[in-house]
Amino acid sequence: MAGIVGYGAFIPRNRIRTEEIARQWGKDPESIRRGLLLEEKSVPGIDEDTITISVAAGRAALKRAGIDPRRVGALYIGSESHPYAVKPSGTVVAEALGMGPEIHVADFEFACKAGTEAMSVALAMVEAGRVEYAMGIGADTSQGAPNDALEFSASAGGAAYLFGKADVLAEVLFTYSYTSDTPDFWRREGQFYPRHGGRFTGEPAYFRHVREATLGIFRLSGLRASDFRYAVFHMPNGKFPLTVGKELGFTREQLETGWIVNKMGNTYSGSSPTGLAAILDVAAPGDLILITSFGSGAGSDSFVLKATQLLPERRGLAPTVRSMLDRPRRYLTYGEYAKFREKIIVND
Amino acid sequence: MPSPRYHREIPARYRLEASRCLNCGRVAYPPRRVCPACRGRNWETLRLTPKGRVLTSTVIHVPPEEFLNEAPYAMAVVETPEGGRLLTQVVDCDPGTVRPGMEVDLEFRLVRKEGRSGILCYGHKGVPPEH
């Protein structure tokens, strides 16, 4: 059966605390922390972008898989912050990872679920027998307008998944997708920051699609919440995934391993894939894992995975998500953050 | 840097591909045609381990214009376990802490942008080690 043969994640070392952003805009940090359950978020360095994050995560995935990168026949990168408007991120990443040139490469975009799209297509290429191995990556240096609620969450990071049929670390048992045209969050061509529909991003968008995708994969698989050891949902803030998880019958214990948003923020396309990596860092053989992403616009992808005997011996080959969240971090002032995110206009 | 030159340097910049002299074992990074030690011309390609040790370093306070937003930053000559040496920035730490003997990992980073509309140039930079 096809599944994940290697995985890796990357989270930049820079952080900004919720208090620092709130102080800048005269907001009450305690109400933000209580309302959104966010303590701090990762911030990309001035030299970090979707491509560099993808390379770091991809290298970790290849280390855990232990295969020659030239055997990877497809590479897909999902992001809403590809550095080029025209020129793929994937060509740079493939070259840096030592893949190709006999490789199929594409960049995907679907707001925050572009990462699971990339994973889904990579898995399908392997299942169809078109390629021996395929990698799907979700990574972002998320944009959030100054003095917008998004600014407290929009962060940087990502995860890479290498799919194959031999020496699998986690089997993919089922997949399911649910999509509708829902204008909850968007960014028009040429605009620097995305816009959103405020409360409309909740029930008609996030909750409907995450709920329906998860219930859909329950029907398809015959499984229910109590059958899973772990579950991770897209994390636009701290509250949404816990709320939808509880509604679907999951306990806090099932959710907390992949719930890393309070320390990492919302890495958009990298959000639920990085949460899944945090789960694979600790899962035991036989554990069932659910991941449901969400991308505005809108849609959700669900996967049911089962950890294998090989997972524990391979995960030590690359850094864990928790080690990247807990390692020495550099806390930025709002001014440094604005400089790093190129929010300050300077002369040519 | 013109795009064709950047393109030619991709193996060295992206994958740390170096060359080792088959006559005397000298490692050259970036790869060379003639060995600076023995004048040999037969080489094998090897990929440098993405980590190393700082041999010498300095802090740039007055940078070229395109690096103004990054100053002050540390530049260092880093030697990998294979003996390859590269001149690189060391980032994600206080530049004043970058001293000879410091261990670094080499991470893939954006090195520079060709102005506002040119290509993006990637390569490796030193960062504090993971373990």
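Note that the coordinates shown come from a computational prediction; the quantities given were computed from them, not determined experimentally. Naming: A, B, ... by sequence-line order, numbering from 1 per chain.
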Greatest number of heavy atom pairs closer than 4.5 Å to chain B - which of A:Asp47, A:Asn14, A:Val346: A:Asp47
Do other residues, nucleotides or ligands put more than 12 heavy atoms under 6.0 Å from B:Arg47 CZ? yes
Roughly how far apart are A:Ile46 CD1 and B:Phe67 CZ, rounded to 0.5 Å? 10.5 Å
Can you tell which part of B:Glu17 gets under 4.5 Å to a heavy atom of chain A, answering side chain, backbone, both or neither? neither
Can you say whether A:Phe340 sits under 4.5 Å from chain B via the side chain, the backbone, both, or neither, judging by heavy atoms? neither
Scored by heavy-atom pairs under 4.5 Å with chain A, the best of B:Leu120, B:Leu16, B:Asn69 is B:Leu120
CD (B:Glu44) with more than 12 external heavy atoms under 6.0 Å: yes
Just wondering, more than 12 heavy atoms not from B:Arg32 lying within 6.0 Å of its CZ? no
Hey, is B:Arg116 close enough to A:Glu342 for a salt bridge, meaning N to O under 4.0 Å? no
How many angstroms lie between CZ in B:Arg109 and CD in A:Glu48, if you round to the nearest 0.5 Å? 3.5 Å
Counting heavy atoms not belonging to A:Lys87, are there more than 12 under 6.0 Å from its NZ? yes
Is it the case that atom NZ in A:Lys339 sees more than 12 heavy atoms from other parts of the structure closer than 6.0 Å? yes
Considering only NZ, NE, NH1 and NH2 on the basic side and carboxylate oxygens on the acidic side, decide whether B:Glu107 and A:Arg59 come within less than 4.0 Å. no
From A:Arg330 CZ over to B:Cys93 SG, what is the distance, rounded to the nearest 0.5 angstrom? 8.0 Å
How far does CD1 of A:Ile51 sit from OH of B:Tyr122, to the nearest 0.5 angstrom? 3.5 Å
For the CD1 atom of B:Ile10 and the CD atom of A:Glu95, what is their distance to the nearest 0.5 Å? 5.0 Å
Within a 6.0 Å radius of atom CZ on A:Arg327, are there more than 12 heavy atoms belonging to other residues, nucleotides or ligands? yes
Side chain, backbone, both or neither: which part of B:Val111 has a heavy atom under 4.5 Å from chain A? neither
More than 12 heavy atoms of other residues, nucleotides or ligands under 6.0 Å from NZ of B:Lys51: yes or no? no
Please report the interatomic distance CG(A:Leu97) to OH(B:Tyr14), rounded to the nearest 0.5 Å. 11.5 Å
